[in-house]
Amino acid sequence: MAYLEIRNLTKEYGKVKALDGFTLEVEHNELVVILGQPGAGKTTLLMTLAGLEPFTQGEIILDDEDIVDKPTELRDIAMVFETYALYPHLTVGENITFSFYSYRAKRAGLSKEKITERVKRITEMLEISDLLKRYPRELSGGQMQRVSLARALVRSPKLLLLDEPIAHLDAKLRHRLRPELRRLQKQTGVATLYTTTDYMEAFGIADKILVLHEGVSLQIGTKEDIWNKPAHRIIGNLLGVPSMNIIPGGRPKIMNGKMNIFTEDGLQIPVDKEQQTRIQEKSIEKIDIGIHPSDIRPVGGGEYKPVLRGEIYVYEPLGIKGALSVKVNKRIIRVQTPARYEQRKVGEKIDLYFKETDTHLFDSKSGLNILFMR
Amino acid sequence: MSRNKKILYTIAIVIVMIWTCFPIGWMVLTSLKSPPDVYAYPPKIIFKPILDNWLNVLLGQEWTGTAYITVHTDIPRYFMNSFLIACGATLIAFLLGLPAAYSLARYKFFGKENFAFTLLSFRFAPGLIVIFGIYQLYQRTGLFDTHFGVMAVHQLLLLPFVVWMMRSYIAAIPIDIERAARVDGYSWLGVFTKVTLPLLKPALAASAVIAFIYSWNEFLLGYVVTGPNARPMTPALLGFISYERVLWGQMAAAAVLGMLPSIVLSLFVQRYVVAGLSFGAVKG
């Protein structure tokens, strides 16, 4: 049995389902990232786990104990809020030790020395030891974030919930804190659920990623699983800068024994053997094709037989790489390039190549990856 | 700002100040006048100030021309009545109003806005409309001329004020702060006493002072539901108007006395201009 088991969790707001049959297993020491767009139900999920929001049905088992009927204060779950939610009337030190002075914690009777020792350890780890006398209003965003983390970790909780903990920080600080968060989690070994809208953040720190969309869990897996085999068309939109090319409404046709997909825009995309069998098995009529911009390369000079031909629509230099938009018939295909493509002119002809195995085929009707269809 | 504009502003401010302060100043002067000076026409600005009115009102000492004799004065007692009533009424308003305000700010329930509006609508109706009903009710229930009776009737004024003020202050505290405290192991009551109340302290102080002043200054309700026993200061001032004469000097002295708590508290409340209640703890 897993350390944390969430089974079939459902929450309804009137007729809207904020969570629909949500199921997840988290092991001790594991960091699971919940990736999803705003409004996907990420915060609702964490609130429900913390007992701050009621839910309609389901089971939550933490450390061999059903916690569904336990009130928030008895669950021993720590949470870092998107807004940090520090107590404005208390100093940083008091904020961090606040949980030790609840009625329940007092009865548990952790000694003053023990508390001081823990605070010392955690604040040194987070490099905020010199801030203890300050008030939250005197802190920067990054410092507040560290304090709220310290407040959560100092308790050694059974489960740590991080609700977009670095979303409001500037990009530089975000990049610096990301690996630190992962290191901290591994050091403390607390099972952690972490929500984000940013796939890079998810890929950077997760042991396991869960993609949530409109309260439904679309896919659970490693970052390789999610990147290489996105289970649903929507996941394609969440991944990559620029995000995955989705070419809708293609019809499969067999020519000379080999299957190709002909799209509405007149594009012809070849299909590999495994996909072909799958399409035939399930007799799928309409297919949306997904290709990561990083899987497409501009070619010329005959080393690869081009798959698509188009003209350059626009080029965006993004620093270490570039995003090239190529117009193929009426459709814009986005291609990730090294920065040198800046030289090319708008309107210039260009050939594109990608491997058959790099395309991701989704059933137009359900949006599911054809490899995952039952 | 140009020089001319500055001068104009200053003049305007001076006019407003005179307009506001003149009646108060006049009352203070009247309290220091002898009866002939009070009635003098044209009114005297320069006169020989005496403390007779104050001695009479405060200590019950009256100057007969040769010696002080002891007379009866009820003003200190009425002052105490007002004090008791204002404190009690404020306390009741917060005991009842704070939980109501919290519910209105934090929970969804059936008829919530209607309830809040009904409470506010107490203040739309002129007091005279309800006062006869209340008089009848008080006579029959034995609440007439009791301190508690006045405190209760003052809730018509104070309760809507407290509920609406505190509701907006509570709503201004980010709910995540309360949630964080729940997660930190505190029960609802623990969160309320350890987090919500301390954050509300400046708001509580300001509202309490204003509520106290409302109750202290109230005239009509206090006048109708009291007799000689529980009468507060404001209606008691009418006692200086008798069949044969009006004791303007003494009335002015008592009125100045009655104004003092309001003035002192107003100065006090200025320090609590409640800006940024939650101290910018939460980044939006």
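Quick note on labels: first sequence line is chain A, next is B, and so on, each numbered from 1. The figures here come from the full heavy-atom set of this structure, side chains too, leaving out hydrogens, waters and symmetry mates.
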Distance flag, aromatic centroids of B:Y186 and A:Y103, threshold under 6.0 Å:
no

If every non-hydrogen atom of [X] is compared with every non-hydrogen atom of [Y], which pair is closest and at what distance?
X	Y	answer
B:A180	A:R151	CB-NH2, 3.5 Å
A:E73	B:G185	CB-C, 3.4 Å
A:P88	B:I177	CD-CD1, 3.7 Å

Atom group of [X] that falls short of 4.5 Å from chain B, counting heavy atoms:
X	value
A:Y101	both
A:E53	side chain
A:I77	backbone

Heavy-atom side-chain contact between A:T83 and B:R179 under 4.5 Å
no

Is there a side-chain contact between A:R155 and B:D184, using heavy atoms and a 4.5 Å cut-off?
yes

Max heavy-atom pair count under 4.5 Å with chain B, selected residue of A:A50, A:A152, A:S99, A:A78
A:S99

B:V195 vs A:F98, test: side-chain contact (heavy atoms from CB on, under 4.5 Å). Steps then yes/no.
CA-CA 10 Å; B:V195 176; A:F98 191 66; 3.6 Å; yes

Would you say [X] has more than 12 foreign heavy atoms packed within less than 6.0 Å of its [atom1]?
X	atom1	answer
A:R121	CZ	no
A:K114	NZ	no
A:K120	NZ	no
B:F83	CZ	no
B:F148	CZ	no
A:Y3	OH	yes
A:D130	CG	yes

Side-chain (A:H89) to main-chain (B:K194) donor-acceptor, under 3.5 angstrom:
yes

Between A:Y87 and B:L199 (side chain of the first, backbone of the second, donor and acceptor by atom type, cut-off under 3.5 Å), is there such a pair?
no

